[in-house]
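Please read the structure below before turning to the comments.
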Amino acid sequence: MPASDIVEPVASAEAMAQGKAPPKIVYEAGGGRKTFFSFAFLILLPFFASLPAMIVSRLTHGLWIDTVGLTVFAVCFALVMFFLLVELMMSLRTRVVLGPNAAKMTLPSGRGPTPMLRYRTHKLDYDEVQSVETRREVYGGSLAPVLLKGAQVIKKDGDKIKLGYVSEANVDPTFPYPVIAKHIADRARLPLIDRGSVRRSARAKFLGIRARAQTGDQAQVDDTVNDDQIAELNDRHRTVMLGMVATLAALLLIGIAADIAAQDPFGLRAGAVN
């Protein structure tokens, strides 16, 4: 069990209050998580790499309807592979080490609440910290709102270190960034500042300065969100996600049933073409 699963911010703060050095805490993915994502990515990679050849083969044989269906499948497969790669890179590279006097953190440096493929290592002395902040951000509007809790460290020289985000619907226990922010604040002997809840534009979040220049929304904040609205948005997000999963499962079953009823399974047609 990693140290992050044992030491809570309260215990760390009590140790400092008693004049003791705070314990070293390490946040990183376990071997099981790294192995699972590595295995899943490597197993699916040969099938994904063969899709372009399969599409070309169908085009050369004039199977236009099959090509359209396979192209849609390839696009969905590409999205799955991208998210698998993101999770794999995060599991292999993200690491936070909180020492008694300084922290060393390798964190995603891509924009947006979803970490991409760029990473940066930060070495932070607690004496350099000016403030540590958290904030809840709401995306998605009325259909399927997403609530993320973000944390960042602001240094005395003005540099900002974005620790990361956690989904309130599914908090990742491996990298609980608000908890990490609390540890850093305690070790820097500063209060953890909660900036409250805001509703933000996903487009402005991901595109950054370019989106702000086009929309004129310099703050990228639409309006504040109170606690009652937060509870309602969480319930709505859960309902929409369950509905989407049920719909996808139903479509999958319908597709399998139609394929069997046609007595011309997709695999047989692919084999005939190849």
Hey, are the side chains of Ile193 and Thr134 touching, using non-hydrogen atoms and a 4.5 Å cut-off? no

To the nearest 0.5 Å, atom CD1 of Ile154 lies from atom CD of Glu128 at 14.5 Å

Is the ring pair Phe77/Phe48 parallel, tilted or perpendicular, if the boundaries are 30 and 60 degrees? perpendicular

Evaluation steps, side chain to side chain contact (heavy atoms under 4.5 Å, CB included), between Arg187 and Ile25: CA-CA 12 Å; Arg187 290 163 193 245; Ile25 306 176; 3.3 Å; yes

In Å, rounded to the nearest 0.5 Å, how long is the span from NZ of Lys182 to CG of Leu192? 6.0 Å

Enter the distance from Lys155:NZ to His122:NE2 here, rounded to the nearest 0.5 Å. 9.0 Å

Has Asp157 got a side-chain atom pairing as donor or acceptor with Asp159's backbone, closer than 3.5 angstrom? yes

What distance separates Glu133 CD from Leu190 CG, expressed to the nearest 0.5 Å? 11.0 Å

Heavy-atom pair with the smallest gap, counting every atom of Lys162 and Gln152: NZ-OE1, 3.4 Å

Is there a donor-acceptor pair under 3.5 Å between the side chain of Tyr126 and the backbone N or O of Arg189? no

Walk me through it: do Val153 and Leu124 pass the test side chain to side chain contact (heavy atoms under 4.5 Å, CB included)? CA-CA 10 Å; Val153 176; Leu124 176 69; 4.0 Å; yes

Can you tell if the side chain of Arg33 reaches within under 4.5 Å of the side chain of Glu87, non-hydrogen atoms only? yes

Is there a path of hydrophobic side-chain contacts, each under 4.5 Å between heavy atoms, that joins Phe83 and Leu85? yes

Evaluate side chain to side chain contact (heavy atoms under 4.5 Å, CB included) for Val86 paired with Phe82, printing each intermediate quantity in order. CA-CA 6 Å; Val86 168; Phe82 173 74; 3.8 Å; yes

When you look at CZ of Phe41, are more than 12 heavy atoms from neighbouring residues, nucleotides or ligands closer to it than 6.0 Å? yes

Donor-acceptor under 3.5 Å (Thr60 side chain, Ser57 main chain): yes

Where Pro52 and Ala49 come nearest, the two heavy atoms and their spacing: CD-O, 3.3 Å

Are Val97 and Arg95 packed together at the side-chain level, in the sense that at least one heavy-atom pair is separated by less than 4.5 angstrom? yes

Ignoring hydrogens and angles, tell me if any N or O in the side chain of Arg58 forms a donor-acceptor pair with the backbone of Met54 under 3.5 Å. yes

In Å, rounded to the nearest 0.5 Å, how long is the span from CG of Leu84 to OG of Ser38? 10.5 Å

Could you check whether atom NZ of Lys104 has more than 12 heavy atoms from other residues, nucleotides or ligands sitting under 6.0 Å from it? no

Answer whether the closest heavy-atom distance between the side chains of Thr71 and Ile55 falls below 4.5 Å. yes

Taking Arg195 for its side chain and Arg136 for its backbone only, find out whether a donor-acceptor pair lies under 3.5 Å. no

Here the pair of heavy atoms bringing Lys34 nearest to Leu88 is O-CD1, 4.3 Å

For the side chain of Thr121 and the backbone of Thr106, is there at least one donor-acceptor N/O pair under 3.5 Å apart? no

Calculate, to the nearest 0.5 Å, the distance between atoms CD1 and CG belonging to Ile161 and Leu163 respectively. 7.5 Å

Would you mind reporting whether Met81 and Leu45 have side-chain heavy atoms less than 4.5 Å apart? yes

Transitive ILVMFWY side-chain link Leu51 to Phe47, under 4.5 Å: yes

Kindly determine whether Val129 and Lys156 satisfy side chain to side chain contact (heavy atoms under 4.5 Å, CB included), including the steps that lead there. CA-CA 6 Å; Val129 178; Lys156 293 179 180 178; over 6 Å; no

Are the side chains of Tyr27 and Val179 in contact, using a 4.5 Å heavy-atom criterion? yes

Going by heavy atoms in the side chains, are Leu107 and Tyr119 under 4.5 Å from each other? no

Quick one, Val166 and Leu148 - any side-chain contact, counting heavy atoms below 4.5 Å? no

